[in-house]
Amino acid sequence: MKSILFIDDEKDFFPIVQRLFSKENYRIVCAQDGQEGLLKCRNEEFDLIISDYRMPKVDGLRFYTQIRDWET
């Protein structure tokens, strides 16, 4: 089963995203900010990451920069 990490500081979106993607047989993991998303990425691999841009602690741009730096 493919897994998706969904990062957004608006928790109201979590059940909607989980319902939509689980119908298509994806496993959804949610994080409330980029910092939590980075922790989840250290512990498991995801097939797709969807992130909000403006978030507290670590914003979307810094999140993706960190991930890219891990790869190099």
Side-chain angles (χ1 to χ4, degrees):
M1 179 182 286
K2 302 251 183 194
S3 61
I4 298 173
L5 174 61
F6 179 75
I7 309 168
D8 199 312
D9 57 330
E10 294 291 330
K11 289 174 29 176
D12 294 341
F13 291 126
F14 291 177
I16 297 166
V17 170
Q18 288 174 326
R19 193 170 38 251
L20 287 171
F21 283 105
S22 65
K23 286 181 182 179
E24 299 300 323
N25 217 20
Y26 288 96
R27 185 176 73 84
I28 304 299
V29 175
C30 295
Q32 293 184 21
D33 57 55
Q35 185 175 9
E36 184 180 349
L38 288 169
L39 289 172
K40 291 183 184 287
C41 285
R42 287 195 182 273
N43 294 321
E44 66 182 290
E45 291 186 24
F46 296 96
D47 297 292
L48 176 67
I49 299 172
I50 302 170
S51 176
D52 186 8
Y53 179 74
R54 292 176 29 169
M55 296 180 291
K57 297 182 184 173
V58 176
D59 66 27
L61 184 58
R62 249 180 55 199
F63 169 81
Y64 284 117
T65 301
Q66 287 277 101
I67 297 295
R68 184 191 65 214
D69 290 347
W70 291 347
E71 298 295 321
T72 58

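Only this structure's heavy atoms are used, side chains among them; waters, hydrogens and symmetry mates stay out.
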**Request:** Calculate, to the nearest 0.5 Å, the distance between atoms CG and CE belonging to Leu61 and Met55 respectively.
**Result:** 10.0 Å
**Request:** Answer with yes or no whether the hydrophobic clustering places Ile49 together with Val58; edges join I, L, V, M, F, W, Y residues whose side-chain heavy atoms lie under 4.5 Å apart.
**Result:** yes
**Message:** Taking salt bridge (charged side-chain N to carboxylate O under 4.0 Å, His left out) as the definition, give me every residue that meets it alongside Lys40, ordered by chain and number, with sequence neighbours left out.
**Reply:** Glu36
**Partners passing side chain to side chain contact (heavy atoms under 4.5 Å, CB included) against Glu44 (at least two apart in sequence or in another chain)** = Arg27, Val29, Phe46
**Fill in**
The reported gap from CH2 in Trp70 to SG in Cys41 (rounded to nearest 0.5 angstrom) is 5.5 Å
**Minimal non-hydrogen separation, Gly37 against Ala31, with atom names** = N-CB, 3.6 Å
**Asked** Tracing side-chain links under 4.5 Å among I, L, V, M, F, W and Y, which residues wind up in one group with Leu39?
**Response** none
**Prompt:** According to the salt bridge (charged side-chain N to carboxylate O under 4.0 Å, His left out) rule, which pairs have a member within residues 7-23, sequence neighbours left out?
**Reply:** none
**Request:** Group every Ile, Leu, Val, Met, Phe, Trp and Tyr by side-chain heavy-atom contacts under 4.5 Å, then state whether Ile28 and Phe14 land in the same group.
**Result:** yes
**Fill in**
With sequence neighbours left out, the residues meeting side chain to side chain contact (heavy atoms under 4.5 Å, CB included) with Leu48 are Ile4, Ile50
**Met1 CE to Glu24 CD distance, which is reported to the nearest 0.5 Å** = 11.5 Å
**Prompt:** Can you name the residues that form a salt bridge (charged side-chain N to carboxylate O under 4.0 Å, His left out) with Asp33, not counting sequence neighbours?
**Reply:** Lys57
**Prompt:** Any link between Tyr26 and Leu5 through a network of hydrophobic side chains (Ile, Leu, Val, Met, Phe, Trp, Tyr) touching at under 4.5 Å?
**Reply:** no
**Asked** What distance separates Cys30 SG from Ile7 CD1, expressed to the nearest 0.5 Å?
**Response** 9.5 Å
**Rounded distance [0.5 Å steps], CZ in Phe13 versus CG in Asp52** = 8.0 Å
**Item:** Which atom of Gly60 lies closest to which atom of Ser51, heavy atoms considered
**Value:** CA-OG, 3.8 Å
